[in-house]
Amino acid sequence: MCTGSCAKCLGWALIPLAVGGFLANVLLFFPGGKVLDNNDNLSEEVWYFGGILGSGVLMIFPALVFLGLKNNDCCGCCGNESCGKRFAMLSSTLFAVIGFLGAGYSFSVSAVAINRGPKCLVAMGTNGTQWTYPFTDGNYLGGGGKDLWSKCLKPENIIPWNLTLFSILLVIGGIQMFLCAIQVVNGLLGTLCGDCRCCCCCGDDGPV
């Protein structure tokens, strides 16, 4: 299989993932589908823009580069007609690394957010209420942890809202990291062997 065709498949796979990550992060600004009166009451991790920047914007550039590799028509150099193709594949590995780091950033932010839990309005006994993080080390997760969910008075359904969206971002980031890692290997093979394996890794009549 040509390395350019492989990169194109990866590019098409990254586009919907990037859009999904972007939208998931945007929805986190509207806990429970509502607008908060004070943005300071949003969970801190929402403002890190893991899905918007990491899995979103930073992933668009590698995806577009991967999509264009198959039709890349760079001219040859140094008497080697495939030189341009090889350079394009090498440059794609750099964009793949950028995408991997962006996805890793989104993955890390999501993991921290899930473990920390959301910021919400909590009853403080005789001291009234306060916006804070009532959970520690993911103790609200799992079947028994649901008993702790009642601590959050507002926003309504903030725990399943944040947990679902950050979990989506976690999965998207993991998949994106995997796809970008594949392109790093694919790009290095394309650099060494040209666009198709038959260019230098195989003989004229097929694989050697």
Side-chain angles (χ1 to χ4, degrees), residues 1-35 39 42-72 85 87-119 138 141 157-191 195-196:
M1 178 180 181
C2 293
T3 54
S5 297
C6 179
K8 186 175 182 178
C9 291
L10 296 175
W12 280 119
L14 287 174
I15 291 294
L17 290 173
V19 174
F22 186 95
L23 293 177
N25 200 151
V26 170
L27 289 175
L28 285 168
F29 284 96
F30 306 96
K34 300 177 181 179
V35 179
N39 286 334
L42 288 170
S43 297
E44 190 176 272
E45 290 78 15
V46 176
W47 295 101
Y48 293 165
F49 302 110
I52 293 176
L53 293 179
S55 290
V57 175
L58 284 179
M59 199 59 57
I60 292 295
F61 297 107
L64 293 177
V65 170
F66 300 166
L67 288 173
L69 286 177
K70 177 62 178 176
N71 298 322
N72 183 284
K85 292 277 189 179
F87 179 79
M89 293 303 298
L90 177 61
S91 65
S92 75
T93 62
L94 300 179
F95 281 94
V97 170
I98 293 174
F100 183 91
L101 294 176
Y105 172 71
S106 178
F107 184 92
S108 300
V109 169
S110 300
V112 170
I114 292 173
N115 183 67
R116 188 182 190 185
K119 186 177 185 180
L141 300 172
N157 298 321
I158 181 60
I159 297 176
W161 184 269
N162 269 32
L163 185 58
T164 298
L165 292 174
F166 275 118
S167 295
I168 290 174
L169 286 174
L170 189 76
V171 172
I172 287 177
I175 295 174
Q176 289 175 329
M177 291 170 66
F178 177 71
L179 295 179
C180 286
I182 291 178
Q183 179 52 30
V184 170
V185 176
N186 182 58
L188 291 176
L189 288 175
T191 302
D195 184 41
C196 295

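- Listed here is the closest heavy atom pair of Leu169 and Gly21: CD2-O, 3.3 Å.
- In this structure, Ser108 OG and Leu101 CG are separated by 10.5 Å, a value rounded to the nearest 0.5 Å.
- Contacts of Pro16 classified as side-chain contact (heavy atoms from CB on, under 4.5 Å), with partners at least two apart in sequence or in another chain: none.
- Within the model, atoms CG of Leu90 and CG of Leu188 stand 7.5 Å from one another, a figure rounded to the nearest 0.5 Å.
- Applying the side-chain hydrogen bond (donor to acceptor under 3.5 Å, both in side chains) rule to Tyr105 yields no partners; only residues at least two apart in sequence or on another chain are considered.
- Annotation: the span from Gln183 atom CD to Leu69 atom CG amounts to 6.5 Å, rounded to 0.5 Å.
- Atom CG of residue Leu42 and atom CG of residue Leu28 lie 9.0 Å apart, to the nearest 0.5 angstrom.
- Distance check: Met59 CE to Leu64 CG gives 12.0 Å after rounding to the nearest 0.5 Å.
- Taking Ser167 as the reference, Ile114, Leu163 meet the side-chain contact (heavy atoms from CB on, under 4.5 Å) condition, with sequence neighbours excluded.
- At a threshold of 4.5 Å between non-hydrogen side-chain atoms, the residues Ile15 and Ile60 count as touching.
- Under the side-chain hydrogen bond (donor to acceptor under 3.5 Å, both in side chains) criterion, Ser43 pairs with Asn162, sequence neighbours left out.
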So Leu53 and Tyr48, side chain to side chain contact (heavy atoms under 4.5 Å, CB included) or not? Walk me through it.
CA-CA 9 Å; Leu53 293 179; Tyr48 293 165; over 6 Å; no
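- Legend: ring pair (Phe, Tyr, Trp, His ring centres under 6.0 Å) pairs involving residues 7-31, not counting sequence neighbours, sorted by first then second residue: Phe29-Trp47, Phe29-Phe49.
- With sequence neighbours excluded, the residues that form a side-chain contact (heavy atoms from CB on, under 4.5 Å) with Ile98 are Leu58.
- Once rounded to the nearest 0.5 Å, the distance linking CD1 of Ile168 with CG of Leu17 reads 12.0 Å.
- Residue pairs meeting the side-chain hydrogen bond (donor to acceptor under 3.5 Å, both in side chains) criterion with at least one member in residues 14-34: none, sequence neighbours excluded.
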Report the C-alpha distance between Leu10 and Leu67 in whole Å, list the side-chain angles of each, state the deciding distance to 0.1 Å, and finish with yes or no for side chain to side chain contact (heavy atoms under 4.5 Å, CB included).
CA-CA 8 Å; Leu10 296 175; Leu67 288 173; over 6 Å; no
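- Under the salt bridge (charged side-chain N to carboxylate O under 4.0 Å, His left out) criterion, the residue pairs touching residues 104-119 are Glu44-Arg116, Glu45-Arg116, with sequence neighbours excluded.
- Sorted by first and then second residue, the salt bridge (charged side-chain N to carboxylate O under 4.0 Å, His left out) pairs involving residues 158-170 (not counting sequence neighbours) form an empty list.
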Show the atom names and distances, to 0.1 Å, of all donor-acceptor pairs under 3.5 Å that link a side chain in residues 171-179 to residues at least two apart or in another chain.
| residue | atom | partner | partner atom | Å |
| --- | --- | --- | --- | --- |
| Gln176 | OE1 | Ser55 | OG | 2.9 |
| Gln176 | NE2 | Ser55 | O | 3.1 |

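- Residue pairs satisfying the salt bridge (charged side-chain N to carboxylate O under 4.0 Å, His left out) criterion with at least one member in residues 11-21, sequence neighbours excluded, are absent.
- For the side-chain contact (heavy atoms from CB on, under 4.5 Å) test, no residue two or more places apart in sequence or in another chain qualifies with Leu94.
- Summarising the geometry of Asn186 relative to Ala7, their closest heavy-atom pair is ND2-N, 3.7 Å, with the distance given to 0.1 Å.
- For the residue pair Ser92 and Gly187, the shortest heavy atom distance occurs at OG-CA, 4.0 Å.
- Considering all non-hydrogen atoms of both residues, Val184 and Ala96 come closest at CG2-CB, 3.7 Å.
- Across all non-hydrogen atoms, the minimal contact from Cys180 to Leu14 is SG-CD1, 4.5 Å.
- Nearest approach of Pro118 to Ile158, heavy atoms of both residues: CB-CG1, 3.7 Å.
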